[in-house]
Amino acid sequence: MSDHELDPLPYDYDALEPHISEQVLTWHHDTHHQGYVNGLNAAEETLAENRESGDHGSTAGALGNVTHNGSGHYLHTLFWNNMSPNGGGEPDGELADRIAEDFGSYEAWKAEFEAAAGAAGGWALLVYDPVAKQLRNVKVDKHDQGALWGAHPILALDVWEHSYYHDYGPARGEFIDAFFEVVDWDDVADNYDNVVPRFE
Ligand SMILES: [Fe+2]
């Protein structure tokens, strides 16, 4: 389709300070996320041209660019919406019950998620796996390596260096702690409610 567009952030660029700086959100959204949107559109244009011409010399590369940039676009959109200046705290309601059921406790889930975030070369995700019918944590490298097919991310934490290095330097753990100060659990619960009834 080649007409993907970057939505504005759902809050002001300085809204998540002091946890995430205005400078980092500006670069991260306007430069990095925009780059993935542009990359996805360009790759789709290449694929359309190649289908038309029958010359598939650049097709394999473009297909790789679709999953890299497309996953980058979709995960960043989730990440922005997963945060709020009014965030923090812990989940409640059905989501909290499900986390306790599938991971043992909120604390056990959080420790596993933090381990994923500390080691990932891309993202830590909380996903709903519709095959096993359970929540899982997933450790993603880049934007698309280590994905679990069919799973639906409901919470995403970007641990690329562009996400935190300007604010925290190599202290990624401090950034992970800061993320939990701004997680919008209502948004995560909405994502859970939108996904799970389709499969259970
Ligand atoms: Fe990012």
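Just so you know, ligand 1 is whichever comes first in the structure, and atom 1 is the first atom listed for that ligand.
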In total, how many protein N/O/S atoms does one find closer than 2.8 Å to the Fe ion (ligand 1)?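 Protein N, O or S neighbours of the Fe ion (ligand 1) under 2.8 Å, waters not counted, come to 4.
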Do the ring planes of Phe79 and His28 sit parallel (below 30°), tilted (30 to 60°) or perpendicular (above 60°)?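 Geometry flag for His28 against Phe79: tilted rings.
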What pairs with Asp167 under side chain to side chain contact (heavy atoms under 4.5 Å, CB included), at least two apart in sequence or on another chain?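 Counting only residues at least two positions away or on another chain, Asp167 forms a side chain to side chain contact (heavy atoms under 4.5 Å, CB included) with Ile20, Ser21, Val24.
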Working for side-chain contact (heavy atoms from CB on, under 4.5 Å), residues Val131 and Trp149: CA-CA 10 Å; Val131 178; Trp149 300 114; over 6 Å; no
Sequence neighbours left out, cut at 3.5 Å: what donor-acceptor pairs do the side chains of residues 112-126 make with other protein atoms?
{"from": "Glu112", "atom 1": "OE2", "to": "Asn137", "atom 2": "ND2", "distance (Å)": "3.1"}
{"from": "Glu114", "atom 1": "OE2", "to": "Lys110", "atom 2": "NZ", "distance (Å)": "3.1"}
{"from": "Trp123", "atom 1": "NE1", "to": "His143", "atom 2": "ND1", "distance (Å)": "2.9"}

Check for me, please, whether Tyr36 and Tyr74 land in the same ILVMFWY cluster - side-chain distances under 4.5 Å, paths through other members count.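 No, separate clusters.
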In the hydrophobic cluster built from side-chain contacts under 4.5 Å, what are the other members alongside Leu6?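 Besides Leu6, the cluster holds Val37.
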